[in-house]
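First comes the structure, then the notes that go with it.
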Amino acid sequence: MKKKIIITLLIGITMTFTGCSKQEIHSIDMNREEGTKTQTYQENNTEYDIAQNDTEQESYSQEISDNAQSKEISDSIQNNEMSQELSGSASNNETTQDLYTEFIQDMVSMTVDENFLQDNSKIFNLKPGESYTFTTLGEYVNTNYLNPEYSTKTSYDNAQYAYLESSDNHTRILLVKFSGLGIYAPEDDSFVVYVIAENQGKLYLTNSYECWARSYTKACKNGLLVSYGSGGAGDHLEAVSAILMNGKAVDIYATETLSGWWANYINEAIYNEVFAENEDILFSVMVHSIGDKTLHTYDLSECTGEQLRMCETYINRCRDEVGVNWVTEEDVQKAIQERCGALSIDDKLIAQQEEVEWKNIQ
């Protein structure tokens, strides 16, 4: 529209300019015949200009029409490609879901991944390359955990399943849980969870974890596994790992909190020299394992008077004599963010720990 207006104005300007030229020619040129020739020339030029502008306008209109058609074709191609991509993605998701459902219904098997960790403390292991249905996996659980020498039970109490999304790209992953295993003590409601992922139309067992009286792992909908454990009254562990799209678990960070006497794990010799036999020290040191980094922080908020002086002496000697790297909490959070970045995981997921929904397998 803007170009049409400009063209119209140009036509008007051309005609006005031509009219002025005609007047000037008549006033200057005394030869009527010559004036007539000049006037005719100017009028012909005016007609030429108008015709030329009309041609340009038609050309521009055609160009707009052609561009519009090209855009429609381009948009149509892009929409078709997007539609096919979404359709393919939906098809893949449906295929994966079908496989998970069929496994739970004992219709298809899963294969133990080649990198599935072996536990040397167990008599029986799920061997890489071997295949199991839901039923045969349950039979393995009974054989591995319910030893007749120590238990009167012959079968797990119940089985459940849940889904989570991988932390790196939201791929659906299947979890299968078998409960009532007496890992730590009889009737301790301990359980084992198996992580199963789809790859090119097949199911693979990629990971597993156990939960019992002194160890618990919460599976979150966003793919995080948040674990808690205890090595004693003053030794507590919190760890966060993530399930990736291939079903593999990767560590994000682990923090071991050592309180009171357990702080001697940092350096027992220095601890004994500083605190002697004083076992009522109220302070904590934290050991953070983040990727290939080990960072140390401490908390002296409950220390007062002489205890505070001794705690500060212990902290300083551990730094100066054995090279313990004491850092701030901000340093720890920065290292966690860097670790998440290296794993292509949004570090904001760590604050979102909604547990998966477990459903009974009939």
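Just the heavy atoms: all of them, side chains too, but no hydrogens, waters or symmetry mates, feed the values below.
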Notebook entry, point to check: Say you draw a straight line from OG of Ser241 to OH of Tyr209; how long is it, rounded to the nearest 0.5 Å?
Noted result: 9.0 Å
Next item on the list: Could you point out which residue of Val141, Thr136, Leu137 forms a side chain to side chain contact (heavy atoms under 4.5 Å, CB included) with Glu139?
Entry: Thr136
Notebook entry, point to check: Tyr132 and Glu130: side-chain donor and acceptor closer than 3.5 Å?
Noted result: yes
Check: With a 3.5 Å cut-off and no angle check, do the side chains of Asp331 and Thr328 form a donor-acceptor pair?
Finding: yes
Next item on the list: Answer yes or no: is there an ion pair linking Glu312 with Arg309, defined by an N-O contact shorter than 4.0 Å?
Entry: no
Next item on the list: Ignoring hydrogens and angles, state whether a donor on the side chain of Glu329 or Gln333 is under 3.5 Å from an acceptor on the partner side chain.
Entry: yes
Next item on the list: Answer yes if the side chains of His288 and Thr294 hold a donor-acceptor pair under 3.5 Å, and no otherwise.
Entry: no
Next item on the list: For this output row, return yes or no: ring centroids of Tyr194 and Phe116 closer than 6.0 angstrom.
Entry: no
Under 3.5 Å, sequence neighbours excluded: what are the donor-acceptor pairs made by side chains of residues 120-128?
{"from": "Ser121", "atom 1": "OG", "to": "Asp119", "atom 2": "OD1", "distance (Å)": "2.6"}
{"from": "Ser121", "atom 1": "OG", "to": "Asp119", "atom 2": "OD2", "distance (Å)": "3.2"}
{"from": "Lys122", "atom 1": "NZ", "to": "Tyr145", "atom 2": "OH", "distance (Å)": "3.2"}
{"from": "Lys122", "atom 1": "NZ", "to": "Glu210", "atom 2": "OE2", "distance (Å)": "3.2"}
{"from": "Asn125", "atom 1": "OD1", "to": "Asp119", "atom 2": "N", "distance (Å)": "3.1"}
{"from": "Asn125", "atom 1": "ND2", "to": "Asp119", "atom 2": "O", "distance (Å)": "3.0"}

Note to self: Could you check whether Lys218 pairs with Glu355 (Lys NZ or Arg NE/NH1/NH2 to Asp/Glu carboxylate O, under 4.0 Å)?
What the structure shows: no
Could you give the side-chain donor-acceptor pairs of residues 338-345 under 3.5 Å, partners two or more places apart or in another chain?
{"from": "Glu338", "atom 1": "OE1", "to": "Lys293", "atom 2": "NZ", "distance (Å)": "3.1"}
{"from": "Arg339", "atom 1": "NE", "to": "Asp251", "atom 2": "O", "distance (Å)": "3.0"}
{"from": "Arg339", "atom 1": "NH2", "to": "Asp251", "atom 2": "O", "distance (Å)": "2.9"}

Note to self: So that I know where these two stand, are Tyr298 and Trp326 an aromatic pair - ring centroids less than 6.0 Å apart?
What the structure shows: yes
Next item on the list: Starting at NE2 of His296, measure out to SG of Cys318 and round the result to the nearest 0.5 Å.
Entry: 8.5 Å
Note to self: Checking side-chain polar atoms at under 3.5 Å, does His236 have a donor or acceptor matched by the opposite partner on Thr257?
What the structure shows: no
Notebook entry, point to check: At what distance, to the nearest 0.5 angstrom, does CG of Leu282 lie from CG of Leu308?
Noted result: 11.5 Å
Next item on the list: Could you tell me which residues satisfy side chain to side chain donor-acceptor pair (under 3.5 Å) with Asp346, sequence neighbours excluded, listed by chain and number?
Entry: none
Notebook entry, point to check: Does a donor on one side chain and an acceptor on the other come within less than 3.5 Å for Ser166 and Asn169?
Noted result: yes
Next item on the list: Indicate, with yes or no, if the rings of Phe178 and Phe134 have centres closer together than 6.0 Å.
Entry: yes
Note to self: I'd like to know if Arg172 and Glu198 make a salt bridge, using a cut-off of under 4.0 Å between side-chain N and carboxylate O.
What the structure shows: no
Next item on the list: May I ask you to decide if the ring planes of Tyr265 and Trp261 are parallel, tilted or perpendicular, using 30° and 60° as cut-offs?
Entry: perpendicular
Next item on the list: Say whether Glu357 and Tyr163, considering side chains only, have a donor N or O and an acceptor N or O under 3.5 Å apart.
Entry: no
